[in-house]
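Worksheet for the structure shown next.
This chain uses plain numbering: 1 for the first residue, then up along the sequence. Quick note: numbers below take in every heavy atom, side chains included, and nothing from hydrogens, waters or symmetry partners.
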Amino acid sequence: MSHTQPMAGWGYYPTLLANLHELDTGHALLPKSQKGLLAWGMGRSYGDAALAADLIPMRQNRRILSFDKDTGCITVEAGVSLRELMAHTFPVGWWPPVLPGTAHVTVGGAIAADVHGKNHHNSGSFNSCVTGFDLLTPNGEILHCSDQEQGDLFTATMGGMGLTGIILRATLQLVPTQGAWVRRITFRCRDLEEMLEKVETRNATWSVAWVDGSSGCGRGLLHLGDPADRAGELKDSMTVSLPLRPPISLVNALSLRAFNTLVWATSPARPEAHSLQHIQPFFWPLDAVDNWNRAYGKAGFLQYQCLLPWNASNRNSSRHFLYHALAQMREACGGSALTVLKIMGENPGGGPLAFGAAGVTLAADLPRTTASVEVVRKLNFECAENGGRVYLAKDALLDAGVFRRMYPAYEEFLQLLSTIDPQGIMGGLMARRLGLRR
C-alpha cells in the first residue's frame, strides 16, 4: 500500500511530494522507483538528506527483538527511537555509549547519519556500539553486515545516508549506566579560545558550549559533565508545543539579539558554577519544546554545521574561520540562537561519508533568507579551503564540487554503490545534488 503527501526535513527546506510505501519485509521487496528511494525515520535530518520521490516510513517497524540484561546486547528493528530504546534498557542499567542532541531519532537513522553527541572526543559516534545489522539491498537480498561479514558494506552504511539499502534491524552493545544525573560545571567564557582551552585541559566525559551568536567576541557558556552516580529514572518529559507555523519567522535579528543577551545575562555570574542536572535536559534540552522548528515560519531554516581540524599546524586558520563564520552569520541574519561548539575525536571505523573526525565543530541554526543562503554557500567553500567538512545530515546547500573536496573518500563509496546498487535505485534529492546519484 502507498499514498502521496508533502514531505520535508526538520528545517522545512526543501519540500517535495513523495510516495510513501509500506515495507514488504516478508518478501524482501522494495517498491519500484524511477526517481529514487530512501528509508524515512522521524524526519530529524535538517535538509534534504532523507527526501526522495519514494519513501519507506520505518516507524511501523519498531519492535525490541531481543535483549540480554546481563550483557547489554540488544537487537531492535530499525524504526525504534532512541527514546524507546532508553525506556526499555535504562531501568535495568544499560544505555548507548553515545547519545545525540535529540532522542527523537530512529536506530536506523542514527546509523545512517553517523550521529554523535557530547562525548565524541572520547567515545566516537553512535556507530561505535553497532555490532551488526541486517540490510535489505536494492536487489532484494537481505545481508547481515558486521566487521566479520560484508565488512566493506558494514562500514560504508555507517554514515552512508541510507544509500546502501534499508536497515531492517540492528544489534547494539550497550554500556552500564552510572545514574540518571550529571555533575555539571558551567564556565562563563569570554571567547572561543577560552572555551577550547578549558575543554582540552579538563578531562570531562561530556562537553558542549553555547556561543552567543549575536556578539562579536565569541563569548559563551561551556558545560562540562561527568556521571554523578546518583540513582534516578527517565521521566515522561513535560513539553510545550508550537501548534502552528507562523507566516513569517519569529526568529529574526531583533529576537536573536534579545534571546542571546537574555541567556548570557541569566547565566551564573560566577566564572565556574557547579550543579546537578538530570540526563534528559542535559542531553536533549530542545526535546522539551515540541515542534520548535515551526518558530522559523513558512520559509523554514538552515542548520550549518562544520568540522575544522584542530592541531598545531592548522589551529590558527581554523580559529580564524570560526570567528569569520560567526561574523558572516551575524551580518546575514543577526546570528543564531542555537550556536553550539564541540570538540570531536577520532572516529575509528567510520565510513567514507561519516562526518566525525578529530577537530572542532560549530553548528548554528539560521532563518532561511536570501542572505543566509548566500552565506552558507560561501562558508561551505571556505570550510573546504580550510580542510574542513559539513555534516550531510544537516546540509541542504552543499554542491557536488565542494562535497568532493570535503569527502575525498567519496570515490570509494561510489565504487561500492556501483556493486550493491548498479541500477541506482537508492537515493534522493541530496544524493543527486552531491553527484552520488544521477
Side-chain angles (χ1 to χ4, degrees), residues 99-102 116-123 177-232 235 237-238 240 251 254-289 292 310 315 318-319 322-323 325-327 329-330 334-345 359-365:
L99 292 168
T102 175
H116 55 274
K118 298 176 176 64
N119 59 343
H120 192 278
H121 58 288
N122 55 40
S123 297
T177 63
Q178 294 176 277
W181 293 82
V182 174
R183 185 178 296 107
R184 190 181 75 170
I185 307 176
T186 298
F187 298 93
R188 284 171 62 100
C189 300
R190 61 183 179 274
D191 51 33
L192 300 183
E193 284 90 342
E194 185 177 359
M195 292 180 198
L196 293 166
E197 184 271 333
K198 289 188 183 302
V199 169
E200 292 178 317
T201 56
R202 296 196 176 227
N203 188 26
T205 304
W206 303 291
S207 66
V208 63
W210 167 83
V211 181
D212 183 349
S214 299
S215 76
C217 60
R219 70 183 183 184
L221 305 174
L222 171 64
H223 304 293
L224 302 181
D226 289 297
D229 195 20
R230 176 180 173 184
K235 305 172 183 177
S237 301
M238 296 293 292
V240 296
V251 184
L254 183 62
S255 63
L256 285 169
R257 189 177 304 111
F259 175 81
N260 280 280
T261 301
L262 178 65
V263 171
W264 179 257
T266 57
S267 64
R270 303 181 301 279
E272 180 176 330
H274 295 249
S275 62
L276 282 176
Q277 187 175 26
H278 193 270
I279 59 171
Q280 285 171 260
F282 182 80
F283 286 116
W284 311 313
L286 287 178
D287 285 359
V289 183
W292 60 264
W310 193 256
R315 185 166 299 199
S318 292
R319 181 188 296 109
L322 293 173
Y323 277 110
L326 290 171
M329 291 185 285
R330 189 170 61 253
S336 165
L338 301 171
T339 309
V340 174
L341 187 75
K342 289 185 290 192
I343 288 289
M344 305 281 278
V360 58
T361 180
L362 179 77
D365 293 343

Determine the minimum heavy-atom distance between L222 and K198, stating which atoms define it. CD2-CB, 3.6 Å

Shortest non-hydrogen contact from W310 toward R319: CZ3-N, 3.8 Å

Rounded to the nearest 0.5 angstrom, the CG-NZ distance for N119 and K342 is 9.5 Å

Donor-acceptor pairs are to be reported for all side-chain atoms of residues 205-213 against protein atoms at under 3.5 Å, with residues two or more places apart or in another chain.
unit_1 : atom_1 : unit_2 : atom_2 : d
T205   : OG1    : D226   : OD1    : 2.7
W210   : NE1    : A337   : O      : 3.2
D212   : OD1    : S214   : N      : 3.0
D212   : OD1    : S215   : N      : 3.4
D212   : OD2    : R219   : NE     : 2.8
D212   : OD2    : R219   : NH2    : 3.0

SG of C217 to CG of D191: how many Å apart, nearest 0.5 Å? 7.0 Å

Before giving the answer on side-chain contact (heavy atoms from CB on, under 4.5 Å), spell out for W292 and L338 the whole-Å C-alpha distance, their side-chain angles and the decisive distance to 0.1 Å. CA-CA 12 Å; W292 60 264; L338 301 171; 4.1 Å; yes

Nearest non-hydrogen partners of C189 and M195, listed with the distance: CB-CG, 3.6 Å

Please round to the nearest 0.5 Å and tell me the distance separating atom CG of L341 and atom CG of L192. 6.0 Å

How long is the span from the CH2 atom in W284 to the NE2 atom in H278, to the nearest 0.5 Å? 9.0 Å

Residues R202 and E197 bridged, charged N to O under 4.0 Å: no

If you look at every heavy atom in L256 and S336, which pair is closest and at what distance? CD2-C, 3.7 Å

Could you give me the CA-CA distance, side-chain angles and deciding distance for Q280 and K235, then say whether side-chain contact (heavy atoms from CB on, under 4.5 Å) is met? CA-CA 8 Å; Q280 285 171 260; K235 305 172 183 177; 3.6 Å; yes

Nearest-0.5 Å distance, NE2 of residue H116 to NE2 of residue H121: 12.5 Å

Give me the atom names and distance for the closest heavy-atom approach of A364 to M329. CB-SD, 3.7 Å

Note: G179 and I279 closest approach over all heavy atoms is O-CG2, 4.4 Å

side-chain contact (heavy atoms from CB on, under 4.5 Å) for H223 and F187? Distances and angles first, verdict last. CA-CA 7 Å; H223 304 293; F187 298 93; over 6 Å; no

Can you check whether T186's main-chain N or O pairs, donor with acceptor, with H274's side chain at less than 3.5 Å? no

I'd like to check V182 versus L276 (side-chain heavy atoms, cut-off strictly below 4.5 Å). Are they in contact? no

Contact between V251 and F259 at the side-chain level, heavy atoms closer than 4.5 Å - yes or no? no

So, does S318 use its side chain to make a donor-acceptor pair with the main chain of R315 at under 3.5 Å? no

Distance only, no hydrogens: is a donor on one side chain within 3.5 Å (strictly under) of an acceptor on the other, for D287 and T102? yes

Taking atom CG of N203 as the centre, does the number of heavy atoms from other residues, nucleotides or ligands within less than 6.0 Å exceed 12? no

Side chains of L254 and R257 in contact at under 4.5 Å (non-hydrogen atoms): yes

Given the rule in the side-chain contact (heavy atoms from CB on, under 4.5 Å) test, do V360 and V199 qualify, once you have shown the distances and angles that lead to the verdict? CA-CA 11 Å; V360 58; V199 169; over 6 Å; no

Do R188 side-chain atoms and P271 backbone N/O form a donor-acceptor pair below 3.5 Å? no

